[in-house]
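Worksheet: the structure to be examined is printed underneath.
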Amino acid sequence: MTRTFVPFMMREQTFLFEVRVMTYYRFFKKYVDGSVAILMLSALLFSWTYFMEDDDVQGREEQFFMTSKWTVSEGESLWMIASSAAEEMEMTIEEALVWIKNENELDNEAIYPGQSLAIPVEMKGVASE
């Protein structure tokens, strides 16, 4: 059996840490009911999810639009198509470009004449009963 050398100060610090942990454990066992611990845990989880949701949702908020088919003509670029869609939809060109690429599952901005693309369009018309 090999013995490892542990300095006296380290053993003393470990012992003091264990004593503190046991003191806290006894305090909670004596004065804190299980329902209080559950209430504290649920308040912690609620606040964590509430504040984390604000940060995460803003970046990945999905927007749903009506789509229209656009047939690419000679000389058109994805940037030009996104620009015209952005004006109509009141979004930035970059947002429209990303939306078109995601909706049409494009890996890059290369398009070719005759290709059919889904682009976002504004819903126009009158609602009826």
Side-chain angles (χ1 to χ4, degrees):
M1 178 192 255
T2 31
R3 289 184 152 206
T4 57
F5 176 72
V6 178
F8 178 73
M9 291 296 289
M10 185 177 257
R11 284 185 288 189
E12 186 177 317
Q13 288 173 349
T14 304
F15 176 74
L16 290 175
F17 176 74
E18 290 172 356
V19 168
R20 269 189 253 139
V21 168
M22 290 305 295
T23 305
Y24 290 134
Y25 174 74
R26 285 189 198 115
F27 172 79
F28 280 111
K29 188 175 178 183
K30 185 175 182 180
Y31 295 109
V32 178
D33 187 11
S35 60
V36 173
I38 291 173
L39 181 65
M40 289 182 353
L41 179 64
S42 47
L44 175 72
L45 288 174
F46 173 76
S47 61
W48 179 59
T49 55
Y50 178 77
F51 291 113
M52 291 302 291
E53 183 177 313
D54 289 343
D55 296 337
D56 292 342
V57 170
Q58 289 174 355
R60 52 173 204 203
E61 184 176 297
E62 285 191 42
Q63 296 178 339
F64 297 98
F65 297 107
M66 297 291 294
T67 60
S68 175
K69 289 295 179 188
W70 181 288
T71 304
V72 179
S73 301
E74 186 75 34
E76 286 184 319
S77 68
L78 197 55
W79 188 264
M80 290 170 50
I81 296 169
S83 175
S84 65
E87 288 175 13
E88 185 178 329
M89 296 303 298
E90 297 179 1
M91 58 183 6
T92 66
I93 296 173
E94 291 82 10
E95 289 172 335
L97 188 64
V98 168
W99 189 92
I100 292 171
K101 285 173 67 174
N102 288 339
E103 188 72 18
N104 294 288
E105 299 175 355
L106 300 174
D107 295 329
N108 54 35
E109 296 181 14
I111 56 174
Y112 54 89
Q115 184 177 3
S116 183
L117 298 174
I119 61 166
V121 292
E122 185 178 24
M123 233 184 344
K124 295 180 181 176
V126 180
S128 61
E129 292 183 29

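Residue numbers run from 1 in the order of the sequence given.
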NZ-CG distance between K101 and L78, expressed to the nearest 0.5 angstrom
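Rounded to the nearest 0.5 Å, the NZ-CG separation comes to 7.5 Å.
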
How long is the straight-line distance from CG of L97 back to OG of S77, given to the nearest 0.5 Å?
9.0 Å

Counterpart residues, ring pair (Phe, Tyr, Trp, His ring centres under 6.0 Å), relative to F17 (two or more places apart)
none

Over all heavy atoms of both residues, which pair between T67 and E103 is shortest? Give the atoms and the distance, please.
CG2-OE2, 4.3 Å

What pair of heavy atoms forms the shortest contact from K69 to A118, and how long is it?
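Minimum heavy-atom contact is NZ-CB, 4.1 Å.
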
Is there side-chain contact between E94 and W79, with at least one heavy-atom pair below 4.5 Å?
yes

List in chain and number order the residues that pass side-chain contact (heavy atoms from CB on, under 4.5 Å) with [X], two or more places apart in sequence or in another chain; answer none if no residue qualifies.
{"X": "A96", "value": "A82, A86, M91"}
{"X": "S83", "value": "E87, I93"}
{"X": "Q115", "value": "V72, L106, I111, Y112, L117"}
{"X": "S84", "value": "W70"}

Check: residues 36-47 side-chain donor-acceptor pairs under 3.5 Å, at least two apart:
| from | atom 1 | to | atom 2 | distance (Å) |
| --- | --- | --- | --- | --- |
| S42 | OG | I38 | O | 2.9 |
| S42 | OG | L39 | O | 3.0 |
| S47 | OG | A43 | O | 3.1 |
| S47 | OG | L44 | O | 2.9 |

Enumerate the residue pairs fulfilling side-chain hydrogen bond (donor to acceptor under 3.5 Å, both in side chains) with a member in residues 15-26, sequence neighbours excluded, ordered by first and then second residue.
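Checked against side-chain hydrogen bond (donor to acceptor under 3.5 Å, both in side chains) - neighbours excluded - no pair reaches residues 15-26.
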
